[in-house]
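Written out below as structure tokens is the structure these notes cover.
Per chain, numbering begins at 1; letters A, B, ... match sequence-line order.
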Amino acid sequence: MIRFTIKALASAVALVSIVGGVAFAEGEQPKPPRESWSFGGMTGTYNKAQLQRGFQVYREVCSNCHALSIPFRTLGQSGGPEFSEDQVKTLAASYQVTNPEPNDKGEIFKRPGTPADIIPRPDGYPNDQAAAAAFGKAPPDMNLLAKARKYERGFPWFVFDALPGLQYQEMGADYIHAILTGYTNTDDPTWNLYYPGHKIAMPQPISDGAVDYKDGTPKTLDNYSRDIAAFLSWAAEPNLNERRRIGLGVMIFMFVLAGLLYFTKKRVWESAH
Amino acid sequence: MSGPSTFVPKSAIGRWFESRLPVMGLMHSSFVAYPVPRNLNYMWTFGAILSFMLIAQIITGVVLAMHYVGSASQAFQSINDHIMRDVNYGWLIRYMHTNGASLFFLAAYIHMMRGLYYGSYKPPRELLWIIGVVIYLLMTATAFLGYVLPWGAMSFAGATVITNLFTAIPVIGTPLAHWLWGGFAVGAPTLTRFFALHYLLPFVIAAFVGLHVWALHVTGQNNPDGVEVKNVERDTVAFTPYATIKDIFAVSVFFILYAWLIFYIPNYLLDADNYNIANPLVTPAHVVPEWYLLPFYAILRAIPNKLLGVVALVAAIVILAFVPWLDRNPVKSAKYRPAFRFFFWVFVAICIGLGYIGSQEPNDAMTMVARILTGGYFGFFLVVMPVLSFTEKTRPIPASIADAVLAKKTAEA
């Protein structure tokens, strides 16, 4: 088995390096820098305060154009921003939601939101077409954005990204952080260092001091980008904390079980020789 | 190999039942008394691993089908908003199923490569091998159909690319594609029928796995030395407990890898573009299949003519069914075939190289390499195998399995 693996890997590495060399000859654009995230690594979890700040950034800035189709109640769930039940209720009630069913008179009506409702779309853009008409491209729904964006890692990095201790699943967060901090050409508000082709439909959405943090976190573009990227990572993958917790248990259990089975197997086979 | 069962149940009820329907005897002769060569290595545990993966895929799949909505307007939300967020442990079941497909293929590829390396396709196991090729074909079909179900951007693009291959067939191609789509392009009817077929095919696979195991139990297993069992007493051990405990251990190790994917890197093998909803007007910048189909995708793209590309794609898989007649060398195991062993590893490297090219955006240099490797892929079957059948100087094979085991023991001591 080991011989199998080593030989196949050695020849494949040689081959892929040759082919990969061909690929790298082309022009490249800078890749998003890899940041450190509280939810990275093997045991990382979301930082509640950061997610709350991220939600504030979403609400005050992103939500002007981007939908975030998740139910209000999830903002109070454990492993997320964990707003209190009252905060979630108040927040939901501050939105006007179109009731999915008509009333007794057959009229579609609006009412204050409840925690069970999905966060409504931005008022200015009732549908994707309206948004596309304004910007040339519809601002994507942000509920899965952090999982829907990746960038090419290239050989051999993509191999390391799968290995324990080196694993890399936060590409979406890095991408979002990079895009928001990538408006480095002051003459052109739609030029972005990290966007493929550098021409992005979204004009620079946020800059230093745009959101008033209440917890003393410095009001810098870098912090806003970091917090919204963390918040969107949670929105896209709300079960990460639970997944890591169960995963650790499963791993410990499986290693013990496999170890015991190995010795049982050895014992059984002793009689065969 | 197994012969009529000598199994006699201990209880009176058992004997009453057994004399009317000998199910227990069948189980006993197949999974307890069944003799397995004593020199099998861990490469022979992948049959058990694959059975485990098939069962895992069917169970998680049935549970997912309870929550999934197979309609173009709701499929994406039913997975990404409903199953992944609201269904209790829906995220776990979904990640198990989607990563399970990858591990199913990983195990299948190791299993197939093992068969090639040790000559498991040679007489008397030709039919066993061909049933395996049928299972592999069914697996690719099932995986492709399943990949369409989330109705993400890559699902849609993949469905379009693959079904469009049918239009390359002369005369009937286009009507056939329309018939498959249920319209003039991939759309709502396509998704609904793909869901129905994706639910059906795993059970067809299970039926063929039954045939595969049946054929295996008729001929008995091949083994690393490639010599047939001559003396059941000396050359074999009983399936239970020897093979069972070894298989269970191997499955537990494989499960650790499975758990690593599910719990720690669940999105590593998934395409980010499939978290964007399908939109017929927007095609992803870079359409790629899942990793396990990449080598075939590279072969398809390496050929400039569409029809010939499709022919090459199909031939790349179907050629496996002819391997028992392409390689006529009486020595089975590559252990005693130095030239074949060398070319085997070249072939493995070619497959991995093709896989890498399949994942990259095509350019001239890349296409050139893809063509060379495609030539190498087919060359392994059409040139290396027939030529080595008659010209290779093989090393002497052991007289029996027991001799091989004893020789190895002496060498170790």
Report task. Select one option (side chain, backbone, both, neither) describing which atoms of Val250(A) are under 4.5 Å from chain B's heavy atoms. Result -> side chain

Report summary line: Bottom line for Asn267(B): the part with an atom under 4.5 Å from chain A's heavy atoms is both

Report task. Answer with side chain, backbone, both or neither: which region of Arg267(A) has an atom nearer than 4.5 Å to a non-hydrogen atom of chain B? Result -> neither

Requested in this report: Answer with side chain, backbone, both or neither: which region of Asn274(B) has an atom nearer than 4.5 Å to a non-hydrogen atom of chain A?
Outcome: neither

Query raised in the report: Looking only at side chains, do Tyr34(B) and Thr240(B) share a donor and an acceptor under 3.5 Å apart?
Result: no

Query - Ile70(A) portion near chain B, given a 4.5 angstrom heavy-atom threshold - result: side chain

Report task. Can you establish whether the number of heavy atoms outside Asn231(B) located under 6.0 Å from its atom CG is more than 12? Result -> yes

Requested in this report: Step through it carefully: locate the ring centre of Phe83(A), locate the ring centre of Phe55(A), and say whether they are under 6.0 Å apart.
Outcome: yes

**Report entry** Short N-O contact, Arg153(A) and Asp161(A), less than 4.0 angstrom
**Finding:** yes

Query - Atom OH of Tyr109(B) with >12 non-hydrogen neighbours under 6.0 angstrom - result: yes

Report task. Using non-hydrogen atoms and a 4.5 Å limit, figure out which bit of Leu406(B) sits close to chain A: side chain, backbone, both or neither. Result -> neither

Query raised in the report: Does any heavy atom of chain A fall under 4.5 Å from the side chain of Ile277(B), the backbone, both, or neither of them?
Result: neither

Query raised in the report: Relative to chain B, which segment of Phe255(A) carries a heavy atom at a distance below 4.5 Å: side chain, backbone, both, or neither?
Result: both

**Report entry** Residues in side-chain contact (heavy atoms from CB on, under 4.5 Å) contact with Arg243(A), at least two apart in sequence or another chain
**Finding:** Glu237(A), Leu240(A), Trp91(B), Tyr95(B), Phe263(B), Pro266(B)

Report summary line: Scored by heavy-atom pairs under 4.5 Å with chain B, the best of Thr74(A), Ile118(A), Leu257(A), Ile246(A) is Ile246(A)

**Report entry** Segment of Pro140(A) engaging chain B (4.5 angstrom heavy-atom cut-off)
**Finding:** neither

**Report entry** Polar contact flag, side-chain donor to acceptor under 3.5 angstrom, Ser69(A)-Asp141(A)
**Finding:** yes

Query raised in the report: Counting N and O atoms only, with roles assigned by atom type, does the side chain of Arg244(A) sit under 3.5 Å from a partner on the main chain of Gly44(A), one being a donor and the other an acceptor?
Result: yes

**Report entry** Those residues of residues 143-152 of chain A, ordered by number, that approach chain B below 4.5 Å (heavy atom to heavy atom)
**Finding:** Asn143(A), Leu144(A), Lys147(A), Ala148(A), Arg149(A), Lys150(A), Glu152(A)

**Report entry** Contact origin within Met42(A) toward chain B - heavy atom pairs under 4.5 Å
**Finding:** both

